[in-house]
Amino acid sequence: MNHISKEMKRFNHLLGETNAAYHDAALRLGLSDSAMQILYAVCGYGEGLRCPLQEICRQTSLSKQTIHSSLHRLMQEGILCLEQAGNRNKDVCLTEKGRQFAQKTVARIIETENAIFASWPPEDVEKYLQLTEAFLTALQKKTKTFTEEPNHADYNHQP
């Protein structure tokens, strides 16, 4: 079995701490993690404050059940609504109440993120993004070569 390199341990630690910081921010703003991610996707998608449901699924990597549950709760609270977008697609839209709510919550996270990048020299921001993208691209390429896991019965086979 391969061991995790010290660089990957550090990377995983930083990734975990970043996720924990977002979780803490969501809690401080009175949001669940899934509600924050959905609102973030809608607010970040464009000026119309609407986002295709498929895009929310892609951006958040949340299960369909979690998205449905969170959307239902946010719709009951009058923060979001669904609108038909063509024959088979739906858009998630902020209501007026939702716009005000998002301004007090998710907009603060977005402003914080933007301020952090704005405080870095542009070449550091570009390098950070280039390296992150290179890691992601390599990971995606290499994991596409994975094959299906062996049958669990194979694990019990004694040589």
Are [X] and [Y] side-chain neighbours, meaning at least one heavy-atom pair lies under 4.5 Å?
X: L27; Y: H23; value: yes
X: V92; Y: L71; value: yes
X: C93; Y: L80; value: no
X: Y40; Y: T60; value: no

Using every non-hydrogen atom in the two residues, find where [X] and [Y] come nearest and quote the distance to one decimal.
X: P52; Y: D91; result: CA-OD1, 3.3 Å
X: S32; Y: A26; result: O-CB, 4.2 Å
X: C51; Y: A41; result: SG-O, 3.9 Å
X: Y22; Y: I109; result: CE2-CG2, 3.8 Å

Inset, instruction - May I have all residue pairs that pass side chain to side chain donor-acceptor pair (under 3.5 Å) and include part of residues 123-133, sequence neighbours excluded? - result: E126-Q130

Considering residues at least two apart in sequence or located in another chain, which fulfil the side chain to side chain contact (heavy atoms under 4.5 Å, CB included) criterion with [X]?
X: T143; answer: L139, F146
X: E96; answer: R99, Q100
X: T112; answer: I116
X: T105; answer: L29, L31, F101

Inset, instruction - Indicate yes or no: does R108 engage E111 in a salt bridge with an N to O separation below 4.0 Å. - result: no

Inset, instruction - Measure the CG-SG distance between L74 and C81 for me, rounded to the nearest 0.5 Å. - result: 11.5 Å

Legend entry - Between OG on residue S70 and CD1 on residue I56, distance to nearest 0.5 Å: 10.5 Å

Inset, instruction - State which residues pass salt bridge (Lys or Arg N to Asp or Glu O under 4.0 Å) with E113; sequence neighbours excluded, sorted by chain then number. - result: none

Inset, instruction - Using the test salt bridge (Lys or Arg N to Asp or Glu O under 4.0 Å), find all partners of R88 that sit at least two apart in sequence or belong to another chain. - result: none

Inset, instruction - Determine, stepwise, if the pair L53 / I67 fulfils side chain to side chain contact (heavy atoms under 4.5 Å, CB included). - result: CA-CA 9 Å; L53 183 55; I67 290 173; 4.1 Å; yes

With a 4.5 Å cut-off on side-chain heavy-atom distances among I, L, V, M, F, W and Y, is there a chain of contacts connecting [X] to [Y]?
X: W120; Y: L129; value: yes
X: L94; Y: L82; value: yes
X: I110; Y: I79; value: yes

Inset, instruction - Identify, with sequence neighbours excluded, every residue that meets side-chain hydrogen bond (donor to acceptor under 3.5 Å, both in side chains) alongside Q76. - result: H72

Inset, instruction - Could I get the full list of side-chain hydrogen bond (donor to acceptor under 3.5 Å, both in side chains) partners for T66, not counting sequence neighbours? - result: S63

Legend entry - Any donor-acceptor pair under 3.5 Å from E55 side chain to Y45 backbone: no

Inset, instruction - Taking T137 for its side chain and A134 for its backbone only, find out whether a donor-acceptor pair lies under 3.5 Å. - result: no

Inset, instruction - Keeping to residues at least two apart or across chains, list the salt bridge (charged side-chain N to carboxylate O under 4.0 Å, His left out) pairs with something in residues 70-86. - result: R50-E83

Inset, instruction - For residues 21-36, pull every pair meeting salt bridge (charged side-chain N to carboxylate O under 4.0 Å, His left out), keeping only residues two or more places apart or in separate chains. - result: D24-R28

Identify every side-chain donor-acceptor pair in residues 4-11 under 3.5 Å, counting partners at least two apart or on other chains, and give the distances.
residue	atom	partner	partner atom	Å
S5	OG	E7	OE1	3.4
S5	OG	M8	N	3.1

